[in-house]
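In what follows, chains are A, B, ... by sequence order, proteins preceding strands, each numbered from 1.
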Amino acid sequence: MREKCAPEVMIEVVDLHKYFKDLHVLRGISTKVMRGEVVAVIGPSGGGKSTFLRCMNRLEEPSSGHVYIEGVDITHPYVDVNKLRTEIGMVFQSFNLFPHLTCIENIKLAPMHVRKVSEKEATERGMALLEKVGLADKAHAYPDQLSGGQQQRVAIARALAMQPQVMFFDEPTSALDPEMIGEVLDVMRAMAEEGMTMVVVSHEMGFIREVADRVLFLADGLIVEEGTPEEIFNHPKEQRTKDFLSKVL
Amino acid sequence: MSDQERTESHLVDVQRRFPVQTPWYYRTGFILGTLAAVVLVGAFLLPQPGRLSTADKAVIAVFFGLALAWGALLFSDPGKPEWTKTVTAFGLLFLAGWLFYRYADAQWERLNHVFFNWQLMQEPAEGGESAWMVLFKGLGITVQIAVFSAILGTTLGLLLAVFRAFNNRVLNLFIIAYIDFFRSMPIIVLMVLIYYALPYTGITLSAVASGILALGLNSSAYISEIFRAGILAVHHGQIEAAHALGLDSWKTMRLIILPQAFRVVIPPLASNYVASAKDTAICSAISILELLKSAMQVQAFRANPTPLIAATAIYILLFVPLTRLAGVLETRMRVRRARG
């Protein structure tokens, strides 16, 4: 098991609101994510899960409220967004690999151009990461030559190459064929075991039950209920949670 | 009885009960007979050329119209044998050529001497150079104008498209106005303005510079729209992924968006280059001695249009392969997109 001595707050979200024009998508979300914690976010579609995640690295601008990452308020206008994002790895539902670059080029692009790592070092680190996700032999393949599961593993390696403090996963397996979901979840499981702080939006309840330390149930822009997987899945308190779980489990 | 035999006997049975006959107008004999009749009428029975009365002209027009309609009926019927269509196509084309030759009332016998007087092209002209040399010098200037205006247009167009992608309202209004202005401005007007009007403000450009500037400004408007389409075609997730990795807007543009946009824009860009290279002929309006103007000068000096024919031939030889190339690029792109 992972060691968690001296729990340290990694992310703190305080009363986060987000409007899209008149649509109130996030209605005051407050929560904390500890270092090394794996937090799963579940809930019905349209409930604001992705928006919540994207507000935390400012792919969406929060309308009000605060997000502190390692104590820094990232909603402050003077925050260097690009610097902030280097600390947060993001994995998307649709992979979003760069189609004009090979896998290894995808991975070493950001370290070289943002972190200013030398090409040699970036390549070495990239190859090690590809090894880790089991795709070292695909280093020079282009994304469209890979299966969905392989693309998503490369995307994870690409995010890891920036050595982020925390990883966000936005429904990483939702666009995959069923037989490829396992290989992506395996990589994520291994990351969790290594102690990576992770926030995972997902519908893979089995995976969440096994790996997550805490589950947030998000519906209608609010955290309806949060707790350990055991609490949420086996003893949900709120009717809304029970309804949702009865549909997906 | 085997399956096949049963099927055949069934068919025979059906045919006996519902006799299927080729109608008379469908039969090959009729089709060929009509074709022969049309060609014969076209060759011998139409009014003699010379002074044609209105009725004569009407007869000829109606005759050719009927021939075309008859061909259209034939071509549009997928049931007709292919070879009858081939024969008909040749027949109609021949007929059109024949009617033009017969009724254009031209002095065809002078054609060779007037239009294809290659002897004249080789003789030394006023400056001691042969007409061919004058034309090739003109071609050099045409190519020079085409290349430099393409460079100017691409640079400006790319800059405009990139700045437009950053979505600043004021800047975008200016860029849209710029594009509208240069797209609605006839190139020849722009060129004349730059060369003949601008000097009154004290800005004097050489003729060639004016030509390059006018063509470059015009194509920059089109090229910027092409690049804009290319940039917009890049999936939004690409930009998000780049931002999520910490790349700033300029790096995202340079490393992620433009490399992908360039692939999409190559075919339309190639067509645009070909189109604006053809527009270099407009430079003859401000008396730049490019290919067309050189040919016109020799033609005026020699009082013979052969140089114009030669210039035409050079344009065709130059642009047919380029147009083809642009077409091939476009097809290839469409195939790739259909696959991907």
Quiz item: Could you walk me through whether D248(B) and V81(A) pass the side chain to side chain contact (heavy atoms under 4.5 Å, CB included) check?
Solution: CA-CA 9 Å; D248(B) 61 33; V81(A) 184; over 6 Å; no
Exercise. Test L255(B) against L101(A) for side chain to side chain contact (heavy atoms under 4.5 Å, CB included), laying out the working first.
Key: CA-CA 10 Å; L255(B) 300 168; L101(A) 301 175; over 6 Å; no
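In terms of heavy atoms, L247(B) sits closest to A110(A) at CD1-CB, 4.0 Å. In terms of heavy atoms, G246(B) sits closest to T86(A) at CA-CG2, 4.1 Å. Residues H113(A) and R254(B) approach most closely at CD2-NH2, 4.3 Å, considering heavy atoms.
By the neighbour-count criterion of 12 heavy atoms within 6.0 Å, atom NZ of K116(A) is densely surrounded, having more than that number from other residues, nucleotides or ligands. By the neighbour-count criterion of 12 heavy atoms within 6.0 Å, atom NZ of K137(B) is sparsely surrounded, having that number or fewer from other residues, nucleotides or ligands. Counting non-hydrogen atoms of other residues, nucleotides and ligands closer than 6.0 Å to CD of E119(A) gives a total of 12 or fewer. Heavy-atom contacts from other residues, nucleotides or ligands closer than 6.0 Å to NE2 of H235(B) number 12 or fewer. Within 6.0 Å of OH in Y178(B) there are more than 12 heavy atoms belonging to other residues, nucleotides or ligands.
Two residues are said to be in side-chain contact when any heavy atoms from C-beta on lie closer than 4.5 Å; F98(A) and L245(B) meet this criterion.
Proximity to chain A at a heavy-atom threshold of 4.5 Å picks out nothing from residues 313-328 of chain B.
Side-chain atoms of K251(B) do not come within 3.5 Å of backbone N or O of V114(A) as any donor-acceptor pair. Using modelled atom types, no side-chain atom of H100(A) and backbone atom of I257(B) make a donor-acceptor pair closer than 3.5 Å. Put simply, the side chain of N96(A) never gets that close to the backbone of A241(B): no donor and acceptor are under 3.5 Å apart.
Using a 4.5 Å cut-off between heavy atoms, L84(A) does not touch chain B at all. With a threshold of 4.5 angstrom between heavy atoms, P164(A) does not approach chain B through any atom at all. With a 4.5 Å cut-off on non-hydrogen atoms, L59(A) touches chain B through its side chain but not through its backbone.
Interface summary for chain B: among R54(A), R115(A), M90(A), E87(A), the most heavy-atom pairs under 4.5 angstrom belong to R54(A).
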